[in-house]
Amino acid sequence: MRVELLFDLEKPSLPADNRAIFVSFLKKTLEQSHEGHFFERYFGGTARKDYSFSIILDKPRYEGERIQLKTPRLKMIFSADDRNRTGLIFSMAFMGMKYKKFPLPEKNAMTLKRIVHVKENVIISNRVMFRTIPGGGLVVRDHSRETNRDKYYVIGEEQFEEKARQSLMRQAMEAGFPKRLAEEIKFHPVSGKKVVSRLYGIMIDVSAITFIVEADSMILQYFYQAGASSRTAIGYGLCSIIEQL
């Protein structure tokens with residue numbers, strides 16, 4: 001399932017560090033749907049979530065801690081894996097949020113005005129070229145348990161290709177795919193660049209990238225619907241399909 005959520009803002013601006021806003025919106029969406037029945041399923045623990053999103057802004061102009069927009073509008077592209085009805089659950093919940101004002105910092109607010117369902121591709125190949133959607137990017141993260149620190153790898157770095165492959169492999173296994181299929185995943189960067197992104201008060205390196213993944217078609221479908229690699233549930237990893245090879 002993939003939808004475009006179109007919002008009107010009261011003011012044409014947002015905080016530069018704004019991912020928490022959209023995570024809060026998703027939480028509020030489930031709190032108000034079906035008496036909050038599905039909230040714990042998605043926000044009650046640390047299990048990997050099977051959805052992703054990306055925020056598209058209208059000609060953003062970065063001014064320190066704020067982003068000024070050409071018009072008071074924004075779009076959220078939300079995509080979810082369908083195996084556990086996540087897409088259906090959120091689709092119904094989004095309907096309940098239409099025309100409701102959602103407060104933002106500095107006396108601003110956003111209101112969901114339209115929900116547009118996007119036709120999805122069905123992947124039948126075992127080799128697909130993806131491109132990250134603007135507003136997000138591919139996050140390749142290596143977490144050290146000893147130091148409790150994260151190391152981020154980006155396109156152009158020596159270990160990027162292997163670290164990305166390992167990240168996709170872990171994601172596939174956490175999503176319930178057999179280990180033997182996850183271990184067959186291959187990752188090939190095609191082109192792209194490093195982008196610095198604000199995330200909860202820190203700056204992280206991500207890759208705005210076109211890349212090829214070789215894997216079982218069901219795993220590729222999962223990456224397409226739920227986002228690829230790390231931090232998908234906070235607005236990274238959402239991709240479009242360039243070509244099935």
Side-chain angles (χ1 to χ4, degrees), residues 1-2 41-42 45-54 79-84 86-87 120-133 136-195 197 199 204-245:
M1 185 279 296
R2 186 168 293 204
R41 173 172 166 180
Y42 294 97
T46 58
R48 181 185 285 270
K49 299 173 179 60
D50 54 355
Y51 63 80
S52 184
F53 65 88
S54 191
S79 181
D81 178 39
D82 290 327
R83 294 177 305 157
N84 295 312
T86 297
E120 287 187 302
N121 293 295
V122 176
I123 295 177
I124 59 175
S125 172
N126 291 330
R127 192 166 182 259
V128 174
M129 181 181 293
F130 293 105
R131 178 184 295 150
T132 53
I133 290 177
L138 195 74
V139 173
V140 177
R141 177 176 67 117
D142 196 0
H143 180 73
S144 171
R145 293 183 178 180
E146 290 76 17
T147 64
N148 198 32
R149 291 180 177 272
D150 293 327
K151 163 67 176 173
Y152 293 91
Y153 294 86
V154 294
I155 186 170
E157 292 184 333
E158 182 178 352
Q159 299 184 65
F160 174 70
E161 187 169 340
E162 176 59 21
K163 292 295 183 180
R165 188 194 71 83
Q166 293 173 8
S167 180
L168 294 175
M169 184 176 70
R170 287 193 300 271
Q171 182 185 9
M173 289 191 292
E174 289 173 3
F177 292 100
K179 182 179 179 181
R180 63 177 179 81
L181 292 181
E183 290 178 339
E184 293 174 354
I185 293 173
K186 296 180 181 178
F187 175 90
H188 310 284
V190 176
S191 62
K193 62 180 180 180
K194 182 180 86 168
V195 177
S197 179
L199 177 64
I204 67 170
D205 293 337
V206 307
S207 297
I209 184 176
T210 298
F211 60 98
I212 295 171
V213 180
E214 297 181 42
D216 181 88
S217 62
M218 292 298 293
I219 293 179
L220 295 174
Q221 189 76 35
Y222 179 81
F223 292 154
Y224 170 57
Q225 292 183 312
S229 199
S230 299
R231 305 289 199 184
T232 57
I234 51 177
Y236 298 101
L238 190 59
C239 298
S240 58
I241 295 173
I242 303 303
E243 186 179 2
Q244 298 193 46
L245 304 171

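Sequential numbering from 1 along the given sequence is applied to the chain's residues.
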Distance from [X] atom [atom1] to [Y] atom [atom2], nearest 0.5 Å?
{"X": "F187", "Y": "S229", "atom1": "CZ", "atom2": "OG", "result": "8.0 Å"}
{"X": "I123", "Y": "I241", "atom1": "CD1", "atom2": "CD1", "result": "4.0 Å"}
{"X": "L138", "Y": "F211", "atom1": "CG", "atom2": "CZ", "result": "5.0 Å"}
{"X": "M169", "Y": "I219", "atom1": "CE", "atom2": "CD1", "result": "11.0 Å"}
{"X": "L220", "Y": "M218", "atom1": "CG", "atom2": "CE", "result": "10.5 Å"}

Does any part of the side chain of [Y], heavy atoms only, come nearer than 4.5 Å to the side chain of [X], both counted from C-beta?
{"X": "L199", "Y": "R231", "value": "yes"}
{"X": "S217", "Y": "I124", "value": "no"}
{"X": "I209", "Y": "F160", "value": "yes"}
{"X": "Y51", "Y": "D81", "value": "no"}
{"X": "V195", "Y": "S207", "value": "no"}
{"X": "K49", "Y": "T232", "value": "no"}
{"X": "Q171", "Y": "Y222", "value": "yes"}
{"X": "V139", "Y": "V206", "value": "yes"}

Could you pull out the closest heavy-atom pair between [X] and [Y], with the gap in Å?
{"X": "L238", "Y": "S79", "answer": "CD1-CB, 3.5 Å"}
{"X": "I155", "Y": "S191", "answer": "CD1-C, 3.7 Å"}
{"X": "A226", "Y": "S52", "answer": "O-CB, 3.3 Å"}
{"X": "E120", "Y": "M1", "answer": "OE1-N, 2.8 Å"}
{"X": "A215", "Y": "I185", "answer": "CB-CG1, 3.8 Å"}
{"X": "E183", "Y": "R165", "answer": "O-NH1, 3.9 Å"}

So D216 and F177, side-chain contact (heavy atoms from CB on, under 4.5 Å) or not? Walk me through it.
-> CA-CA 10 Å; D216 181 88; F177 292 100; 5.5 Å; no
Give a yes or no answer on whether the side chain of [X] reaches the backbone of [Y] with a donor-acceptor pair at less than 3.5 Å.
{"X": "E243", "Y": "M129", "answer": "no"}
{"X": "Q225", "Y": "D50", "answer": "no"}
{"X": "E161", "Y": "H188", "answer": "no"}

Output, in order, the C-alpha distance, side-chain angles, deciding distance and verdict of side-chain contact (heavy atoms from CB on, under 4.5 Å) for Y152 and S230.
-> CA-CA 10 Å; Y152 293 91; S230 299; over 6 Å; no
Any luck finding a side-chain donor-acceptor pair between Y42 and T86 under 3.5 Å?
->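 Their side chains do contain a donor-acceptor pair, which is all the 3.5 Å distance test asks for.
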Does a donor on one side chain sit under 3.5 Å from an acceptor on the other, for Y236 and R141?
->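 There is no such pair (donor and acceptor under 3.5 Å, judged by atom type) between the side chains of Y236 and R141.
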If you count the non-hydrogen atoms of other residues, nucleotides and ligands that lie under 6.0 Å from NZ in K151, is the total more than 12?
->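 Yes.
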Can you establish whether the number of heavy atoms outside R83 located under 6.0 Å from its atom CZ is more than 12?
->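 Count over threshold, so yes.
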